[in-house]
Every structure is written in structure tokens, then in C-alpha cells.
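Encoded as C-alpha cells, the structure appears first; notes follow it.
Keep in mind it's a predicted model, so treat the numbers as computed, not measured.
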Amino acid sequence: MSNPPPANLILVGRVAGGFGVRGEVKITTYTEDPKSLADFKALLRQDGSPALTITSARVAKEGLVTRCKGIETKEAADALRGLRLYVPRDSLPEPDEDEFYLADLVGLPVRHIADNALLGSVKSVQNFGAGDLLEIQPALGGQTWFLPFTRQAVPEVKIGERLILADPPALVGEPEGPAEEADDADIVERNYD
């Protein structure tokens, strides 16, 4: 009988492949300080099973070059390419005041800052290359939508209160600002021949 995987794993890196010919493993780190990844020693797979045990590490461009238990050849290191590396959330240091881990946002309710209307809850945090986005599951169901995780769109994150206050940008086609009545002089007909 196997143990269930840890419920709250945090993605901290990904194996980029082998480095050199002696079985060193290059890891792209997602931590603020790449060297801190070596402090965890044992890294896990997404299902909670053991992935790598770091025996030594040095900082390199975009991450770490490591020696790992049981990896002795370049071929063995290259076979790990793409492996995502996780640690349990409770093994990470507590963030400073007004700081938080993106994973801590998942599940939090999102309310509109102006009228406190419930917009939904955070389903996930994504980044497609142009910055972090909160994927919002609407309160009344339906298709998820993305909220830019910027100070303008998300002015307040209250981790202690388990709440996110948002000011989402206008949807495409929605008028911005106060509604104005158009008078006949403002209406122009356009002919596209």
C-alpha cells in the first residue's frame, strides 16, 4: 500500500538535461535564489514520489548544475529532461509581510474592489510569457476567464483574510467610463463601397 501524494506541492524547478559528460544535471530553477533549491536535497515528482536527491550544486546560467544520487552518465541525466521538480509547501520558508507564494492564491475568492461583488475564485495561476494571470472560476459557474496579476487589476491581496480584491479591466466591446448619450450630431454614417 502506497502513501497518498502530498496535497500541496510547489513547483520549484525543471530538469533542463545533462551537463557535461559525467552525469551532472542542469536544473532550471523557479526560486528567487537558484542555490536555495539545493537546500531541499530531495526533490519530488508531481505525484509526490521521489525525483532527485541533490548531493552537490553550483549556480550556472538560468539555474543550477547538480550532482544527483544515482545519476552517473550524461545519458541518464539527459533522460530526465523536462522532469518537473516539486517540494511540499510546508517545507518552504514563510513569506515576509505583504508577500505570498502564487500557489497560496489558488482557491481564494475574488471580489470586485468597488462593490464587493463576488467574481469567482482563483482556479490556477498561469504565465504564458507576458506575466502572471489568475484563472478565475466564475462564482455562478461557466467558463473560466483570466485576470492579469498586476497592481492595477489586483490592487489588494489579503492572504490573512483569504481574499483577493480586483478591479478587472473592461471586457472587449464594453464601454469604459461613464455612459454618454449620443446626440444626432455625434452619429456619422460610414459608407464602405
Next on the checklist: Would you say Leu44 ends up clustered with Ile27 if hydrophobic residues are merged whenever their side chains have heavy atoms under 4.5 Å apart, either directly or through other cluster members?
Outcome noted: no
Next on the checklist: Quick check on Arg67: does its CZ atom have over 12 non-hydrogen neighbours (other residues, nucleotides or ligands) under 6.0 Å away?
Outcome noted: yes
Checklist entry - More than 12 foreign heavy atoms under 6.0 Å from CZ of Arg89: is that the case here? => result yes
Item to check | CZ on Arg22 to CD on Glu72, rounded to 0.5 Å | outcome: 11.5 Å
Item to check | side chain to side chain donor-acceptor pair (under 3.5 Å) between Gln126 and Ser124, intermediate numbers included | outcome: CA-CA 6 Å; Gln126 302 288 333; Ser124 68; 3.0 Å; yes
Item to check | Where Pro109 and Leu118 come nearest, the two heavy atoms and their spacing | outcome: CB-CD1, 4.0 Å
Checklist entry - Leu92 and Tyr101: side-chain contact (heavy atoms from CB on, under 4.5 Å), yes or no, with the steps? => result CA-CA 10 Å; Leu92 296 172; Tyr101 293 108; 3.7 Å; yes
Item to check | OG1-CD1 distance between Thr144 and Ile136, expressed to the nearest 0.5 angstrom | outcome: 9.0 Å
Item to check | Atom of Glu32, atom of Pro34 and distance for their closest heavy-atom approach | outcome: O-CD, 3.6 Å
Checklist entry - What distance separates Leu165 CG from Arg111 CZ, expressed to the nearest 0.5 Å? => result 9.0 Å
Next on the checklist: For the backbone of Gly142 and the side chain of Gln137, can you confirm whether one donor and one acceptor N or O come within less than 3.5 Å of each other?
Outcome noted: yes
Checklist entry - What heavy-atom pair brings Gly18 and Ala77 nearest, and what distance separates the two atoms? => result CA-CB, 3.6 Å
Item to check | Value rounded to 0.5 Å, distance of CD in Glu135 from OG in Ser121 | outcome: 10.0 Å
Next on the checklist: So which atom in Arg45 and which in Leu83 form the shortest heavy-atom distance, rounded to 0.1 Å?
Outcome noted: NH1-CD1, 3.2 Å
Next on the checklist: How close do Gly23 and Ile71 get, counting heavy atoms only, and between which atoms?
Outcome noted: O-CG2, 3.4 Å
Item to check | Ile159 with Val154, same ILVMFWY side-chain cluster at under 4.5 Å | outcome: yes
Checklist entry - Going hydrophobic residue to hydrophobic residue with side-chain gaps under 4.5 angstrom, can you get from Leu119 over to Val157? => result yes
Item to check | Expected output: side-chain Lys26 to main-chain Lys61 donor-acceptor under 3.5 Å | outcome: yes
Checklist entry - Passes side-chain contact (heavy atoms from CB on, under 4.5 Å), Tyr30 versus Val12? Steps please. => result CA-CA 5 Å; Tyr30 303 144; Val12 292; 5.5 Å; no
Checklist outcome for this item: Nearest heavy-atom contact between Leu64 and Ala38 is CD1-N, 4.1 Å
Checklist entry - When clusters are formed by joining ILVMFWY residues with side-chain heavy atoms under 4.5 Å apart, either directly or through shared neighbours, do Phe19 and Val25 land in the same one? => result no
Checklist entry - Do Leu133 and Leu105 belong together in a cluster built from hydrophobic side chains that touch within less than 4.5 Å? => result no
Checklist entry - Going through the distances and angles, do Leu43 and Val87 end up as a side-chain contact (heavy atoms from CB on, under 4.5 Å)? => result CA-CA 6 Å; Leu43 300 168; Val87 296; 3.7 Å; yes
Checklist entry - How far does CG of Leu147 sit from CD1 of Ile164, to the nearest 0.5 angstrom? => result 8.5 Å
Next on the checklist: Rounded at 0.5 Å granularity, tell me how far CZ in Arg58 sits from OG1 in Thr66.
Outcome noted: 9.0 Å
Next on the checklist: Run Asn8 and Asp90 through side-chain contact (heavy atoms from CB on, under 4.5 Å) and show every step you take.
Outcome noted: CA-CA 8 Å; Asn8 203 359; Asp90 59 6; over 6 Å; no
